[in-house]
Amino acid sequence: MIDTIEKANGASLTSKMSTFDHEQLVFCQDKSTGLKAIIAIHNTVLGPAVGGTRMWAYTSEEDAVTDVLRLSRGMTYKNALAGLNIGGGKAVIIGDARKDKSEALLRRFGKFVNSLGGKYITAEDVGISTKDMEFVKMETDHVVGLPDFLGGGGDPSPVTAYGVYMGMKASVKEMTGSDSLAGKKVLVQGVGNVGEHLVDHLVKENAEVIVSDIYEDRIKKILSKYGVKAVDVSHVYDQKIDIYSPCALGATINDETINKLTASIICGAANNQLANEQIHGAELQKKGILYAPDYLVNAGGIINCYWEIIGYSREAALEQAEGIYDKTLEIFEKSKSENIPTYLAANLLAEARIHAIGNVKLSF
Ligand code: NAD
């Protein structure tokens with residue numbers, strides 16, 4: 001999906017939008033605050049477009065457009081597959097988050113979001129913090145991912161971790177017939193917010209956990225709290241393990257790592273784990289490595305946001321995240337019966353839901 005939009009570089013904006021059928025692209029500019037932002041609404045068949053705002057020092061406007069088109073489309077698939085009644089959107093603010101951010105800029109951005117009347121609901125993403133969202137919220141109610149004291153759902157990481165845990169149990173069930181993780185050797189790469197909560201679930205189920213992180217203090221904390229083992233970041237791919245759980249960065253399944261991995265299951269929170277969906281998705285299938293699609297198993301975060309829109313309840317969010325177990329099994333079933341990679345089975349299920357609900361909406 002990324003390739004095709006990038007290949008359209010140089011094409012007119014409307015032809016780029018038509019590549020994946022985006023609905024609306026909004027360019028926002030404000031001289032006094034220095035704001036330059038783009039809001040992309042990909043698809044609103046299921047409901048208002050929801051997706052975070054990323055602040056990034058793009059080297060060109062074309063890169064920013066490509067990114068926002070790609071990310072907003074990704075949100076449509078994620079939201080649809082998770083069974084949520086929201087569509088896909090995303091925003092990018094062009095600038096260096098460490099230097100160019102100010103209260104005025106964020107509030108001006110909030111006004112632009114507000115001008116869309118709820119068709120786009122924003123949240124935080126790379127370069128944008130919860131604190132920043134508080135400024136955006138001063139100008140619009142179309143914001144989710146807020147702290148508890150502002151009526152939000154607070155930190156989504158426990159819900160995300162629970163969803164990944166559910167996806168992992170479903171993966172083990174698919175491989176072995178039992179969903180018990182007891183005795184399974186799981187490597188969690190990245191023990192930040194999500195990784196730590198995941199380790200907690202795994203340890204409670206007596207899995208054999210190995211962690212890896214670039215920050216020594218994170219490792220120290222996790223080792224002392226959970227009594228697990230650690231491995232240096234340079235040795236992640238040569239460990240003999242059952243399950244590899246990427247919870248740090250994307251694109252860790254690539255030409256270099258795919259032949260080193262000993263795991264029979266991949267299931268983690270990181271976004272865009274496959275460096276190239278088509279190539280590496282198919283290769284994993286050929287190798288018999290079961291890949292739980294990242295955007296399904298990490299949907300707990302957006303599920304948490306969704307409950308902010310319809311009336312927040314942490315219990316309800318966790319219960320919905322539990323549904324990731326069944327959905328993961330459904331994807332594996334489709335992958336087997338149609339002999340297609342799991343990422344593709346996930347994409348097709350997401351498209352089928354949008355299509356089916358779109359038809360339902362045709363009648364009053
Ligand atoms: P985080 O920043 O809290 O944690 C990431 C951890 O990974 C950090 O401790 C960091 O030091 C570590 N790390 C970075 N590079 C590494 C490397 N090369 N090797 C090992 N460790 C490394 O982020 P998070 O909120 O825990 O999210 C983890 C991943 O899950 C991210 O990719 C994020 O986009 C994705 N995700 C998070 C949520 C959520 O609710 N937080 C929801 C959906 C997806």
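Keep in mind that what you see is a predicted model, and the values were worked out from it rather than measured. Just follow the structure's listing: the first ligand is 1, and inside any ligand the first atom is 1.
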> Tell me whether Glu103 at atom CD has more than 12 heavy atoms from other residues, nucleotides or ligands lying less than 6.0 Å away.
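Result for CD/Glu103: enclosed.
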> Mark yes when over 12 heavy atoms from residues, nucleotides or ligands other than Tyr215 sit less than 6.0 Å from its OH; otherwise mark no.
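Incorrect, the count does not exceed 12.
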> Check each atom of ligand 1 against the heavy atoms of Ser157 and keep those under 4.0 Å away; list them by number with element.
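In order of number, 40 (O), 41 (N).
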> Give yes or no for whether the N/O distance cutoff of 3.5 Å, strictly under, is met between Ala269 and ligand 1.
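Such a contact does occur with ligand 1.
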> Which option out of Gly192, Pro246, Ser212, Gly300 puts a heavy atom nearest to atom 6 (C) of ligand 1?
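The nearest heavy atom belongs to Gly192.
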> Report, in ascending order of atom number, the atoms of ligand 1 lying under 4.0 Å from any heavy atom of Pro156.
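Near Pro156, meaning under 4.0 Å from one of its heavy atoms, ligand 1 has 40 (O).
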> Is there a protein heavy atom at a distance of less than 4.0 Å from atom 41 (N) of ligand 1?
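Answer yes: something from the protein, a heavy atom, is under 4.0 Å.
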> Between His201 and Tyr162, is the gap from one ring center to the other below 6.0 Å?
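Close enough - the centres of the two rings lie under 6.0 Å apart.
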> Whether Lys131 engages the ring of Phe135 as a cation-pi pair (distance to the six-membered ring centre under 6.0 angstrom, angle to the ring normal within 45°) should be assessed.
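Yes - Lys131 lies over the ring of Phe135, closer than 6.0 Å to its centre and within 45° of its axis.
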> Cut-off 3.5 Å, side chains only: do Glu205 and Tyr165 have a donor facing an acceptor?
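Yes, a side-chain donor-acceptor pair sits under 3.5 Å.
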> Does the Lys NZ or Arg CZ of Arg314 fall within the cation-pi geometry relative to Tyr312 - under 6.0 Å from the ring centre and within 45° of the axis?
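Judged by the rule, Arg314 and Tyr312 form no cation-pi pair.
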> Which residue owns the protein heavy atom closest to atom 34 (O) of ligand 1, what's the atom, and how far is it?
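Of the protein heavy atoms, Asn271 ND2, 3.2 Å lies nearest.
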> Looking at atom 2 (O) of ligand 1, would you say a protein heavy atom lies below 4.0 Å from it?
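So far as the 4.0 Å threshold goes, atom 2 (O) of ligand 1 is out of reach of every protein heavy atom.
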> For atom 27 (O) of ligand 1, what's the nearest protein heavy-atom neighbour? Residue, atom name and distance, please.
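It is Val194 CG2, 3.9 Å.
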> Suppose I only count heavy atoms of Tyr215 and a 4.0 Å limit; which atoms of ligand 1 are within that range?
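Under 4.0 Å from Tyr215, ligand 1 has these atoms: 11 (O).
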> Around atom NZ of Lys286, are there more than 12 heavy atoms from other residues, nucleotides or ligands closer than 6.0 Å?
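Count not over threshold, so no.
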> Counting only heavy atoms, which portion of Val233 has something under 4.0 Å from ligand 1: side chain, backbone, both, or neither?
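Just the side chain.
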> Look only at interatomic distance and state if Leu249 has a nitrogen or oxygen under 3.5 Å from any nitrogen or oxygen of ligand 1.
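No, Leu249 has no N/O under 3.5 Å of an N/O on ligand 1.
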> Under 3.5 Å, N or O to N or O, is Asn193 touching ligand 1 that way?
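Yes; at least one N/O pair falls below 3.5 Å.
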> Any idea which protein heavy atom is nearest atom 43 (C) of ligand 1, and the distance to it?
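Ranking protein heavy atoms by distance from atom 43 (C) of ligand 1, first comes Asn298 O, 3.5 Å.
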> Write out the residue and atom name of the closest protein heavy atom to atom 29 (C) of ligand 1, then the distance separating them to 0.1 Å.
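That would be Cys247 O, 3.7 Å.
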> After noting the C-alpha distance and the side-chain angles of Lys185 and Gln239, does the key distance pass the side-chain hydrogen bond (donor to acceptor under 3.5 Å, both in side chains) rule?
CA-CA 10 Å; Lys185 212 164 181 179; Gln239 299 299 305; 5.9 Å; no
> Salt bridge (Lys or Arg N to Asp or Glu O under 4.0 Å) for Lys221 and Asp217? Distances and angles first, verdict last.
CA-CA 6 Å; Lys221 183 188 165 196; Asp217 58 331; over 6 Å; no
> In the protein, which heavy atom is nearest to atom 15 (N) of ligand 1, and how far is it?
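Closest protein heavy atom to atom 15 (N) of ligand 1: Ile214 CD1, 3.7 Å.
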> State which residue, out of Lys111, Arg107, Arg108, fulfils the salt bridge (charged side-chain N to carboxylate O under 4.0 Å, His left out) condition with Asp30.
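Single salt bridge (charged side-chain N to carboxylate O under 4.0 Å, His left out) partner of Asp30 among Lys111, Arg107, Arg108: Arg108.
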> Taking atom CG of Asp255 and atom CD of Glu283, what is their separation to the nearest 0.5 Å?
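Going from the CG atom of Asp255 to the CD atom of Glu283 covers 7.0 Å.
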> Test your reading of the structure: does Asp213 have an N or O sitting under 3.5 Å from an N or O of ligand 1?
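Right, the criterion is met.
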> If I apply the N/O under 3.5 Å rule, does Thr160 come out as touching ligand 1?
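Among all N and O atoms of Thr160, at least one is under 3.5 Å from an N or O of ligand 1.
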> Do any nitrogen or oxygen atoms of Ala248 come within less than 3.5 Å of a nitrogen or oxygen of ligand 1?
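In this structure, Ala248 places an N or O atom under 3.5 Å from an N or O of ligand 1.
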